[in-house]
Amino acid sequence: MIEVLRSLIEPRHRKNIDWVVVFCVLLVMCASIATIYSASAGHARDLAQANSVGLKQALRQGIFNLLGLGILAYVATRDYVGMQRHASILYWGNIALLLLVKIFGKEKKGAARWIDIGSFQFQPSELTKIVIILTLATFLVRVGPRIKEFPVFCQSLLHIAPAMLLIKMQPDLGTALVVGAIWLGMVFLAGADWKHLTAISLAGVALFSFAWKTGKGLEDYQRNRIVVLFMSRENMTREQRDMAYQADQGVAAIGGGQVTGQGYRQGLQTSGGFVPENWTDFAFSAFAEETGFVGSVALLAVYLLLLARGLICIAESEDTFGRLIVGGVITYIGFHVIVNVAMNCAFAPVVGVPLPLFSYGGSAAWTNCAAIGLLLSVRMRRRKLQF
């Protein structure tokens, strides 16, 4: 990975490679593969099958990660400034892909979010996150200080509205919220007026209240996931207990890890397969059970370091477009980490937001790597003049 990056990058930019970011990515990926092996093996019927299942899932994720690192290296070596020229193509191409999901989307567990490409399932909504970062940054650079004007501020919201609506219709509320969070972080960084940000936040609360009371805009299972979050387990119906089962088992796994963890492949909840999907959205609970509070804090510290490097890049970059891109990237990654960990700890409803670079999945891994590649590209070219 290191040699590939060095060979592809112009000599004048090599000294600016942020190796701390690269190290963080590799560290999380290694922990991810080990956790996916352990968590997926726990759902097998016997030991022989467990090793086979665990190895298969770990190998698949390893392949996803290798391809992702290739994407990261490619994006990092490209000059991000030139991407502004393709903003319109990216934007409408992404809308077309989301429309294709409505027509040819592969339904899985009540949601049509995937398009089959041979034996692989591609999730266009993941790509939307990168496209929104690039195209919204282009828009914000074009309008400049006028983002403080309310009509222009509303235009920025309209920029993301079609994608958010199409993703919400899949239905995929979690990804729609991620797109909204990216928009909020980027317009804030661009200098949007506080009054406008407050007004749109209050409008969002009012819209949610309307959807909650009328039942329009929220699926029944989405409402139930929020309801069970605040209910006493003794007062739940059987259906509500089933709805809360995954979150409850995730909390039990995290609590069972205590300070230093139960050991690799020794976690009761993980090895017993009690937590559904604990190699995808609930991978953090499996990791926490096996490594405990110490391991969990260490993993979160790696994410914090990654986000801190992004903030340093924003502070040092001399280009507005680059700062906005990195702002979108760290908002995207930070939102994912906060929501996923909160979801695993039953502090937030289960909304299907994976842990970046950690949860199982190809589309998510490649999107994460593309985002980190953008951060590295800006970081290497943060000075307008290189000597």
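Quantities reported herein were computed from a predicted structural model and do not represent experimental measurements.
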Looking at Pro349, is its backbone amide N or carbonyl O close enough to the side chain of Arg225 to form a donor-acceptor pair, meaning the two atoms are under 3.5 Å apart? no
Does Pro162 reach the side chain of Tyr91, with side-chain heavy atoms less than 4.5 Å apart? yes
Close side-chain approach of Phe23 and Leu305, heavy atoms under 4.5 Å: no
Checking side-chain contact (heavy atoms from CB on, under 4.5 Å) against Val20, which of Asp18, Ile17, Val22 comes through? Asp18
Please check if atom CZ in Phe208 has more than 12 non-hydrogen atoms from other residues, nucleotides or ligands closer than 6.0 Å. yes
Going from OG on Ser38 to CZ on Phe287, what distance comes out if it is rounded to the nearest 0.5 angstrom? 11.0 Å
Please tell me if the side chains of Ser285 and Gln246 come closer than 4.5 Å, counting only heavy atoms from C-beta onward. no
Considering only heavy atoms from C-beta outward, does the side chain of Ile325 approach that of Leu134 to under 4.5 Å? yes
Can a donor-acceptor pair be found, under 3.5 Å and without considering hydrogens, that links the side chain of Ser377 to the backbone of Gly373? no
Between Leu355 and the options Phe282, Phe284, Tyr360, the side-chain contact (heavy atoms from CB on, under 4.5 Å) test singles out Phe284
Please find the pair of heavy atoms, one from Ala87 and one from Thr135, that lie closest to each other, and give the distance. O-CG2, 3.3 Å
Once you measure the plane-to-plane angle for Tyr332 and His336, does it fall in the parallel (<30°), tilted (30-60°) or perpendicular (>60°) bin? perpendicular
Within a reach of under 6.0 Å around OH of Tyr264, are more than 12 heavy atoms found that belong to other residues, nucleotides or ligands? yes
side-chain hydrogen bond (donor to acceptor under 3.5 Å, both in side chains) test vs Thr128 passes for just one of Thr367, Asn94, Asp172, namely Asn94
Test applied, side-chain contact (heavy atoms from CB on, under 4.5 Å); reference residue, Asn368; option that passes from Pro354, Ser363, Pro356, Ser359: Pro356
Determine whether Met83 and Leu90 make a side-chain contact, defined as any pair of heavy atoms from C-beta on separated by less than 4.5 Å. no
Distance under 6.0 Å and angle within 45° of ring axis: Arg60 vs Phe64: no
Counting only heavy atoms not in Trp212, do more than 12 sit closer than 6.0 Å to its CH2 atom? yes
Out of Gln249, Glu289, Glu290, which residue meets the side-chain hydrogen bond (donor to acceptor under 3.5 Å, both in side chains) rule with Gln269? Gln249
CG (Leu72) and OG1 (Thr77) are apart, to the nearest 0.5 Å, by 9.5 Å
For Tyr245, look at atom OH and say whether over 12 heavy atoms of other residues, nucleotides or ligands are found less than 6.0 Å away. yes
Given side chains that start at C-beta, do those of Met29 and Leu69 come closer than 4.5 Å, heavy atoms only? yes
Is there a side-chain contact between Gln170 and Thr175 (heavy atoms, below 4.5 Å)? no
Evaluate the side-chain proximity of Glu316 to Arg379: yes if any heavy-atom separation is below 4.5 Å, no if none is. yes
